**Student:** 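Below is the structure I would like to discuss, written out as structure tokens.
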Amino acid sequence: MRSFGIEFVPMELFWRTTYYAVQAEHLGYDSIWITDHFNNRNVYVSLAVIANYTEKIRLGPGVTNPYLIHPVMTAQSVASLNEIASGRVICGIGAGDRTTLDMVGTEMEAPLRTVRESVEIIRRQIARDKGEYNGKRFRTSAGARFNFKVDDFIPIFIGAQGPKMLRLAGEIGDGTLINASHPDDIERAVKQIRRGAERGGRSFDELDIAAYTSFSVAMDEKSARKPVVPVVAYIVAGSPPTVLDRHDIPQEKADGIRKDLADRNWGEAFGAVDEAMIDSFAICGTPEQCIEKIEVLFKTGITHFVTGSPLGPSVRGAINLFGLEVLPHFKSE
Amino acid sequence: MGYREFVKSIPTTMRELLAERLIDVMLEAKDGSRVPSSLAKTILFYWQREQLASEAGLTNLLEAVSYADPDGAFTVMEGLGLEELKLAFRPTN
């Protein structure tokens, strides 16, 4: 089954993000993902308000990380959210991003081990497991369990980009949030997830595989492409050499963008983003163009498509356009 | 709510359009944080039920834009030819 999600960055007032979330539900989106960064509004406060004004749409953090939020707290948060949005909660977790962790003096140590143990702890907590947990990164005593019950299953999606994390996601996740937009990158990612599922002795078909894209839609292509430029600048600046190489982006060009972003030379940084970079790292265009691109992505084996920031030149307009012009194409199939 | 009587006089066919335009103003307003959270939640209540164009929904929406962007609201009313409402509309300081 194909499903469609939307990401919100809670930079705006709570009622605006909630307005957009309700709009998405009205239009038939299936999931809402709220990013978790310390410099924005709190992810679970945002989700709790959204849960209060929605009825059907699935919702959860997209993604939280175990370096700033201990997995027992993530478990507690999603379990509590489930009381407000029973059976609708999903939990996205990843290793986080180095830039944000650096800002608060936190190192991204052993990301694979940390994410693996976090997923195990979240599941144990939700199941109210009585035993103690002794991992290499986390430890919980036998008494560290909820004093309340969670009746619903809360699927855990692992946010991943690199091959090892993608394989881990396939091995232990209920789903994966692939942090990419280009079909070649998504195809490679799906292969890794499949390998991970095989390693874990699981059926690949049981997994919910989402392309978590940088997305923008507008009535004309030019208007759709413009808002993705800053997002693409950050993606290029943060991409490893293998990814840059795959998209024929010279390392020195990416280094230049990274330096300009660090120096807050926005004009230089954004000016260096070219059309090919946009096509490599974003899904954008008119509704018809977006349908074509999304069709290609679904052929890679994904089951879920998430429209991530910036969404479009106007958030409200983009949600409407996607909901009215793009979603019906897929939902009617 | 001082706007309710004026909202009643707006033709039903125009209420949908007015609600649409006022929501655009609300979502783009620089002073959105001036809208009291209780009023914002009331608007979400009507939005969830797709009743922002109802008398009660529009009345609350007008109250909210009077905080968030009165000038934007004036422009919308002017554009829709809602002169009576425009005269009655007051920014909330």
Side-chain angles (χ1 to χ4, degrees), chain A residues 6 8-29 32 34 39-42 45-59 84-86 88 217-219 223 226-227 309-324, chain B residues 1 3 14-73 75-77 79-80 91-93:
Chain A
I6 186 164
F8 294 115
V9 180
M11 294 171 74
E12 299 210 53
L13 291 158
F14 83 91
W15 53 262
R16 285 187 175 141
T17 304
T18 308
Y19 178 93
Y20 297 134
V22 174
Q23 185 188 1
E25 175 167 273
H26 285 168
L27 289 164
Y29 286 75
I32 290 171
I34 303 289
N39 48 343
N40 292 323
R41 270 87 175 169
N42 179 270
V45 173
S46 305
L47 285 164
V49 180
I50 291 169
N52 209 28
Y53 290 95
T54 53
E55 299 291 333
K56 296 175 295 187
I57 200 161
R58 298 198 297 163
L59 71 174
I84 314 172
S86 182
R88 294 196 280 142
V217 66
M219 283 311 286
S223 303
K226 197 175 169 192
S309 302
L311 301 177
S314 137
V315 175
R316 184 177 183 227
I319 296 171
N320 268 337
L321 208 50
F322 189 85
L324 296 172
Chain B
M1 288 282 180
Y3 299 121
M14 192 166 278
R15 286 182 196 169
E16 197 73 48
L17 193 54
L18 178 62
E20 281 285 313
R21 300 271 168 88
L22 291 180
I23 274 294
D24 275 337
V25 172
M26 287 283 291
L27 293 172
E28 299 298 327
K30 280 187 186 152
D31 284 336
S33 60
R34 294 192 64 239
V35 178
S37 62
S38 57
L39 181 55
K41 286 186 277 186
T42 304
I43 286 169
L44 289 172
F45 172 89
Y46 285 106
W47 172 225
Q48 183 187 8
R49 288 155 184 78
E50 300 190 75
Q51 291 175 3
L52 277 178
S54 68
E55 277 179 28
L58 264 178
T59 303
N60 281 288
L61 210 41
L62 285 163
E63 179 85 6
V65 285
S66 77
Y67 285 96
D69 184 1
D71 290 342
T75 307
V76 167
M77 292 172 205
L80 295 176
T92 303
N93 296 314

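Per chain, numbering begins at 1; letters A, B, ... match sequence-line order. Keep in mind that the numbers below use all heavy atoms, side chains included, and drop hydrogens, waters and symmetry copies. Note that the structure is a prediction, hence the values are computed from the model and not measured.
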**Student:** Across chain B and chain A, going purely by atom type as modelled, what donor-acceptor pairs are there at a distance under 3.5 Å?
**Tutor:**
| from | atom 1 | to | atom 2 | distance (Å) |
| --- | --- | --- | --- | --- |
| A/R16 | NE | B/M26 | O | 3.2 |
| A/R16 | NE | B/L27 | O | 3.2 |
| A/R16 | NH2 | B/M26 | O | 2.7 |
| A/R16 | NH2 | B/A29 | O | 2.7 |
| A/Y19 | O | B/W47 | NE1 | 2.9 |
| A/H26 | NE2 | B/Q48 | O | 3.1 |
| A/Y53 | O | B/Q48 | NE2 | 3.2 |
| A/Y53 | OH | B/K41 | O | 3.4 |
| A/E55 | OE2 | B/Q48 | NE2 | 3.1 |
| A/R316 | NH1 | B/E20 | O | 3.3 |
| A/R316 | NH1 | B/D24 | OD1 | 2.8 |
| A/R316 | NH2 | B/E20 | OE1 | 2.9 |
| A/R316 | NH2 | B/E20 | OE2 | 3.0 |

**Student:** Return the set of residues passing side-chain contact (heavy atoms from CB on, under 4.5 Å) with B/A73 (not counting sequence neighbours), or none when no residue passes.
**Tutor:** B/L22, B/V65, B/M77, B/F89
**Student:** If I measure from the heavy atoms of chain A, does B/A64 come under 4.5 Å with its side chain, its backbone, both, or neither?
**Tutor:**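 Neither the backbone nor the side chain of B/A64 comes within 4.5 Å of chain A.
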**Student:** I'd like to know which of A/V22, A/V49, A/V315 tops the heavy-atom pair count under 4.5 Å against chain B.
**Tutor:** A/V22
**Student:** Sequence neighbours excluded, which residues qualify as side-chain contact (heavy atoms from CB on, under 4.5 Å) partners of A/P313?
**Tutor:**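 For A/P313, the residues satisfying side-chain contact (heavy atoms from CB on, under 4.5 Å) (neighbours in sequence not counted) are A/S216, A/A218, A/S223, A/P227.
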